[in-house]
2 protein chains.
Amino acid sequence: MTTASKPRTAAKAAAKIPMRDFSQSLPMSLLRTRESVMRHFRPSLRAHDLTEQQWRILRALAASGEIEVTELARVAFLLGPSLSRILRDLEGRRLIERRLLKADLRRSVVSITSKGLKLIEAVAPTSEAIYAEMTKRFGARKLSDLQALLHELEAALLAMPAADGAEDDLFDR
Amino acid sequence: MTTASKPRTAAKAAAKIPMRDFSQSLPMSLLRTRESVMRHFRPSLRAHDLTEQQWRILRALAASGEIEVTELARVAFLLGPSLSRILRDLEGRRLIERRLLKADLRRSVVSITSKGLKLIEAVAPTSEAIYAEMTKRFGARKLSDLQALLHELEAALLAMPAADGAEDDLFDR
DNA sequence: GCAAAGTGATTAACATGTTAAGTGATTGTG
DNA sequence: CACAATCACTTAACATGTTAATCACTTTGC
């Protein structure tokens, strides 16, 4: 009966300001959908002792060869601090390597090791199979429609100036 | 030239297994798009000392009145441990209240305080304005198409059995 | 040259995500 | 009615998200 009985509270009257129904806000939809996707991938990654982020990094490295840390952060969509910690860990596990750039000792380039590549080769088939099954169930056409809309929205929002939290705030007029 | 020169490595040859171009995998697309959305909301929340998750909880409480912790976790899409910590904090700030259920002392119900409601009323107009601007830029029709696809995908994946990480595992016999 | 400003990367500090373990309360079964 | 199983919630422990500070190195301006 975990999902059977619903709260009798019902209410939905507390807020004077209506606002869109909370659960169908765009950020929530994106979050829930992403989780419903990742839920299928995590077991396989976990079976190989990889987190989602570690996997993103290995994938990015396998795709781009040697790459600078900053650029890696960009393509793997991770913030610097997270990346630093994860690289330290992956380097300790000999899945990646780092070397300093002679031309600029502040920078270093990262690359995947053969051990890292073997790990990818071990995980990739399962990932691909899962992705294929998802595509089959959802429909290739709808999947690409979705991808297109996601990209369009991303582009539209990049063009939208970011509010700075100060708002019009009375004083800066 | 931070973004000018691309890595000469070019490679993309390291991996023997092709795999979809990493950056357009579905999880990455969803993550990037969600971030591009949240980027616009965070400054406003931050200006009121709220994190995204705290805001989700307050919104959920405002919409549903009194609600049990487990149900709140479900609607705010948070795991129990995260919720426990955040409720402790919000209670300390007098934005929410808790009371035990006499009928079952394991359970407690959470509700938003008038201070919490005032905070929502202070933040909501800005949020609504941002959401409206997004809708205007992206298009209301495309937005609802996107929402529909997200929900469909979510439904399709819920119906898909979760791999357990064991796979068929050829080798562990 | 050299002090100041800028840049790439890491560390620090705190909040959340995630899984496992713990705590107290309740329930079902013999 | 004892008592093991279950349940609701919390804690614990570790990884990541996030912002700020720091460190080492480079570039700039004088």
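These numbers were taken from a predicted model, which means no experiment stands behind them.
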Considering residues at least two apart in sequence or located in another chain, which fulfil the salt bridge (charged side-chain N to carboxylate O under 4.0 Å, His left out) criterion with [X]?
| X | answer |
| --- | --- |
| A:Arg94 | none |
| B:Arg137 | B:Glu133 |
| A:Arg98 | A:Glu91 |
| B:Asp104 | B:Arg106, B:Arg107 |

Tell me the interatomic distance from [X], atom [atom1], to [N], atom [atom2], rounded to whole angstroms.
| X | N | atom1 | atom2 | result |
| --- | --- | --- | --- | --- |
| A:Leu105 | C:dG6 | CG | C1' | 17 Å |
| A:Leu101 | D:dA24 | CG | C1' | 15 Å |
| B:Lys102 | C:dT26 | NZ | P | 13 Å |
| B:Asp104 | C:dA25 | CG | C1' | 7 Å |
| A:Leu72 | C:dG8 | CG | C1' | 14 Å |
| A:Arg106 | C:dG8 | CZ | P | 6 Å |

Quick one: salt bridge (charged side-chain N to carboxylate O under 4.0 Å, His left out) pairs with a partner in residues 146-157 of chain A, sequence neighbours left out?
A:Glu152-B:Lys142, A:Glu154-B:Arg32
Going 5' to 3' through nucleotides 14-23 of chain C and flagging B where a protein heavy-atom sits under 4.0 Å of the base, S where only the sugar-phosphate is that close, and - otherwise, we get --BBBBB---
Would you indicate, yes or no, if C:dT11 has its OP1 or OP2 atom less than 4.0 angstrom from a side-chain nitrogen or oxygen of A:Arg88?
yes
Close N or O pairs between protein and nucleotides 21-23 of chain D (under 3.5 Å):
none

On a heavy-atom basis, the closest approach of A:Ser127 and A:Trp55 is OG-CZ2, 4.1 Å
By the rule that ILVMFWY residues connect when side-chain heavy atoms come within less than 4.5 angstrom, directly or transitively, which residues belong alongside A:Leu79?
none
Linking Ile, Leu, Val, Met, Phe, Trp and Tyr by side-chain heavy atoms under 4.5 Å, what else ends up with B:Val109?
B:Leu101
